[in-house]
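Structure, as structure tokens:
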Amino acid sequence: MTSIVNSRASFHSNSLVSISDANDSYKPVLGKQNYISCIKNGETMEFNAKKLRLDYCIIPRINDINGAGAHSSTYPDLLHLLSRNTQSSLSQVRQMHAQMLRTGLCDLPHYRTKLFSLYSNHHRFSDAKNLLRSILKPDLLSFTALINASSKFNDFKNTLILFSQMLTNGLYPDAHVLPSIIKACAGLLAVKIGEQVHGFSLASGLSLDPFVESSLIHFYVKCDKLIGAHKLFDKMVERDVVSWSALAAGYARKGDVINAKKVFSEVKIFGFEPNTVSWNGMIAGFNQSGCFLDAVLMFQQMHLHGFTSDGTSISSVLPAIGDLGYLNAGTQVHGYVIKIGFAVDKCIVSALIDMYGKCGCALEMSQVFEDIGQADVGACNAMIAGLARHGLVDKALTVFKELQGQGMELNVVSWTSVIACCSQHGKDIEALNIFREMQAAGVKPNSVTIPCLLPACGNIAALMHGKAAHCFSLKRGISGDVYVGSALIDMYANCGKIQAARCCFDRMPARNLVCWNTMLGAYAMHGKAKEAIEIFHCMQRSGQKPDSVSFTSLLSACSQSGLTEEGHSYFESMSKDHGIEARVEHYACIVTLLGRAGKLEEAYSMIKKMPFEPDACVWGALLSSCRLHHNMSLGEVAAGKLFELEPKNPGNYILLSNIYASKGKWKEVDKVRDIMRDMGLRKNPGCSWIEVKNKVHMLLAGDKSLPQMAQILDKLNRLSMEMKKAGYLPNTNYVLQDVEEQEKEHILCGHSEKLAVVFGILNTSQGSPLRITKNLRICGDCHAVIKFISRFERREIFVRDTNRYHHFKDGDCSCGDYW
DNA sequence: ATAGGGTTAG
């Protein structure tokens, strides 16, 4: 951020004043030239507004314009008239400028300042800047006019550049220009510059100005430093409606509804009346912090108090309405928007599209989008997100392509939306490709882009891509963000790099519940119960209360590792000590926990004792356990329930058939297969991904189109001969098709996870680990084969299936043969 | 002259 005040002139970094505890300990003193000092705890700190030369280019003076020649004394009046009349055209301003140059009025700061304001009001910053360059010794008034104007038009970068030029000219800000500079720092979240400016205001005594104080409060609120804002507020001698409103909005932004409302109502006690801007600040703050209902209620109350909502209130309340799904309210606001003619406001249109999208109204959403005709980036972005929400991925991509095609300004939200759209709808490789395109287009990913992209890397275990995204976040300084951090933990865990996941976790400067839960989930996925339990206790020691998600991960980790006793006691303590009522997913974990330990009857009675209807996950947990322990009678009960709950899930039929096969009940196996055939169910095609040399390869079961297929099968045959020598028998129970044994063996050979392992062995250097992801649960035969391969080929092999991670090493698997 | 309020991505 410091680069915004460019290196040519800036507050000297050595004199950076830390403000965090400065409010009462700084006292300004007179400093030597160009230095302003302040005293902190008896120590003098110097503040250096460093001077650097600015090369001036002086524009030629216009000597005459078409013989226009009013007497010079009439210009001040004319100028006054022009600046009062907002309708004055740009050409009138230019003529005035020319005449002023001719008559020398341009040299008088007071008149010149008017000219700056006139140009700025016409958004002609380049003209204003040329005017600035033409002045030999620009004065504070000229800079003030320009800085205030660029700040007013939210051109904050320009504001700070001008500020730096002002310092270069040896000019110090006064109370009239500081608020605009501070506003720019707030808008750009330029924390360090803002704090230095605060230091300057303290040192110079300008911090006592109510305008400066209010803008500083807003600055700290915007930069998420509410405590600093409050300290300032407390020290204020005279508070007004602006300072109260800024603080109230600050609490609203933090989601502190109680304090926000308290401060907001205190305004009245102290004799002030909240105005439209005060109300808008509350609505926007509540919307930003996710207090959607409070935002909507504020909007309603605003009207009850006799205020009329303007464009700002509407574009702040619409997203809140959308999140609540209040279609009725949304439609009313839409009607109001049309009635008062706000349907041309770009922000409002985007907000309307967003609202309809969130309320599930794809048609209305598209209607608003089409009605604009010339859609801007915001509207397109809202549309992409809305289409993605409705699963209309292709349409979303079309809108994005149109946006690109029209040469509209290619922004980070659009790219992020479309990346999110892909990674959320199983188009992981597309997400990675679009991310690459985005970089090629010169758009820099931010702290939202990375968490949208990382799941795509994790889904297909594209470790190199994930690492590249990690590097990006380090370079962009966003790796400390809780969303980025959690997404990194998840990505590394999904790619099998549990230590790297832990490393990211340990390095986080701050953690919220999601970070802890992600780490817990990562250990659970890897079946590392000991570590999960450690994190669980660590979390509580750090003051973070676990929620029901934390317990799901903890219980799942215990069940994966066979920690039956521990899991059971955590389950009991959940409601007893933590006041969290067990949900269906917790029961599923307990059923798995008991089932794995062979306590199938106990698991079944647990299901019967559940305070609500067991769902497919619970019965699925029982059925899996029955398969593990070859329990046919309970397996049939569980399968029967599952066939009712999800008749079209082929996985359940396959599990039951596995149980029959293990007992040699071939007739029953046939029966299950016939049911599947009659229902038109087919086993989902198996699919595995492996990253080799930075490219992700997808392998389908029985894929004959693979160029290396002959080699792969050859290698697989040779491995299988070695395995048979070592006593391995292919487990054809896993083949459901009604074919000869020989053919069954052949089908097993075609399983995608085996293909991926062998593909990896053929294409990577000896001894390097292999990371594979599968779209189904790993097949039992493949599990046995990969265990063997890990020993025979001396490779660590990581296979993530839909259930968990399998880490094969030296002939064993981390799951202990339970999955 | 100057301060407080807006959409779209997780």
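Remember, it's a predicted structure, so these values are computed and weren't measured experimentally. Labels below follow one simple rule: chain letters A, B, ... track the order of the sequence lines, proteins then strands, and each chain is numbered from 1.
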**Prompt:** Which of these nucleotides, B:dG4, B:dT8, B:dG10, is closest to any side-chain atom of A:Cys452?
**Reply:** B:dG10
**Prompt:** Ring centres of A:His303 and A:Phe299 under 6.0 Å apart?
**Reply:** yes
**Message:** Using whole Å, what does the distance between atom C1' of nucleotide B:dT7 and atom CD1 of A:Ile384 come to?
**Reply:** 14 Å
**Item:** Touch class at under 4.0 angstrom, heavy-atom based, for A:Arg239 against every strand present
**Value:** nothing
**Request:** Determine the contact category for A:Ser180: base if any of its heavy atoms lies under 4.0 Å from a base atom, sugar-phosphate if only primed atoms, P, OP1 or OP2 are that close, otherwise nothing.
**Result:** sugar-phosphate
**Request:** Report which part of the nucleic acid A:Val241 touches: base, sugar-phosphate, or nothing (heavy-atom distance under 4.0 Å, all strands).
**Result:** base
**Message:** Applying a 4.0 Å non-hydrogen cut-off, can you work out what A:Asp481 is touching in the nucleic acid: base, sugar-phosphate, or nothing?
**Reply:** base
**Message:** In whole Å, I'd like the distance from the NE2 atom of A:His218 to the P atom of B:dG4.
**Reply:** 6 Å
**Request:** Taking only the side-chain heavy atoms of A:Asp174 (C-beta and beyond), determine which of B:dG10, B:dA1, B:dA3 contains the nearest atom.
**Result:** B:dA1
**Message:** Within the 4.0 Å heavy-atom criterion, would you say A:Gly378 contacts the bases, only the backbone, or no part of the nucleic acid?
**Reply:** base
**Prompt:** Counting only distance, no hydrogens or angles, is the base of B:dG6 paired donor-acceptor with the side chain of A:Asn287 under 3.5 Å?
**Reply:** no
**Message:** Students often get this wrong, so: under 4.0 angstrom with heavy atoms, is A:Ser417 touching a base, only sugar-phosphate, or nothing?
**Reply:** sugar-phosphate
**Request:** Would you indicate what A:Ser447 reaches in the nucleic acid, counting non-hydrogen atoms under 4.0 angstrom: base, sugar-phosphate, or nothing?
**Result:** base
**Asked** Taking OP1 and OP2 of B:dA9, is either one under 4.0 Å from a side-chain nitrogen or oxygen of A:Gln424?
**Response** no
**Request:** Would you mind reading off the distance between A:Met365 atom CE and B:dT7 atom C1', rounded to a whole angstrom?
**Result:** 15 Å
**Prompt:** Is the A:His334-A:Tyr356 ring centre distance short of 6.0 angstrom?
**Reply:** yes
**Request:** Classify the nucleic acid contact of A:Leu141 as base, sugar-phosphate or nothing, counting any heavy atom under 4.0 Å across all strands shown.
**Result:** base
**Message:** When you measure only distances, ignoring hydrogens and angles, does the side chain of A:Asp345 come within 3.5 Å of the base of B:dG6 through a donor and an acceptor?
**Reply:** yes
**Message:** I want to know whether A:Tyr220 and A:His230 have ring centres closer than 6.0 Å.
**Reply:** no
**Message:** Please confirm whether the ring centroid of A:Phe505 lies under 6.0 Å from the ring centroid of A:Trp516.
**Reply:** yes
**Whole angstrom value for the distance that separates C1' of B:dT8 from CG of A:Asn446** = 12 Å
**Request:** Specify the separation, in whole Å, of atom CZ of A:Phe472 and atom C1' of B:dG10.
**Result:** 18 Å
**Prompt:** Tell me: CG of A:Leu318 to P of B:dT8, nearest whole Å?
**Reply:** 9 Å
**Prompt:** B:dG4 P sits how many Å from A:Trp279 CH2, rounded?
**Reply:** 20 Å
**Asked** Can you tell which of B:dT8, B:dG6, B:dG4 lies closest to the side chain of A:Ser278?
**Response** B:dG4
**Asked** Base, sugar-phosphate alone, or nothing: which one does A:Ser316 contact when heavy atoms must sit under 4.0 Å apart?
**Response** sugar-phosphate
**Fill in**
Between A:Ala295 and A:Asn287 the two heavy atoms that sit nearest each other are CB-N, 3.9 Å
**Request:** Could you work out which one of B:dA3, B:dT8, B:dA9 sits closest to the side chain of A:Val448?
**Result:** B:dA9
**Message:** Do A:Asn148 and A:Ser151 pair up side chain to side chain, a donor and an acceptor below 3.5 Å, judged on atom types alone?
**Reply:** no
**Nearest to side-chain heavy atoms of A:Asn381, which nucleotide of B:dG4, B:dT8, B:dG10** = B:dT8
**Request:** Side chain of A:Val242 only, please: which of B:dG4, B:dT8, B:dG6 is the nearest?
**Result:** B:dG4
**Message:** Are A:Trp415 and A:Phe435 an aromatic pair, judged by ring center distance below 6.0 Å?
**Reply:** no
**Asked** Nearest of B:dA9, B:dA3, B:dG4 to any side-chain atom of A:Asp240?
**Response** B:dA3
**Message:** Over all strands shown, is A:Ala249 touching base, sugar-phosphate only, or nothing at heavy-atom distances under 4.0 angstrom?
**Reply:** nothing
**Asked** Nearest to the side chain of A:Asn148 - B:dT2, B:dG6, B:dG4?
**Response** B:dT2
**Complete:** Of the candidates B:dG6, B:dA9, B:dA3, the side chain of A:Arg389 sits closest to B:dA9
**Prompt:** A:Ile217 CD1 to B:dA3 C1': how many Å, rounded?
**Reply:** 10 Å
**Asked** Can you tell which of B:dT2, B:dG6, B:dT7 lies closest to the side chain of A:Ser350?
**Response** B:dT7
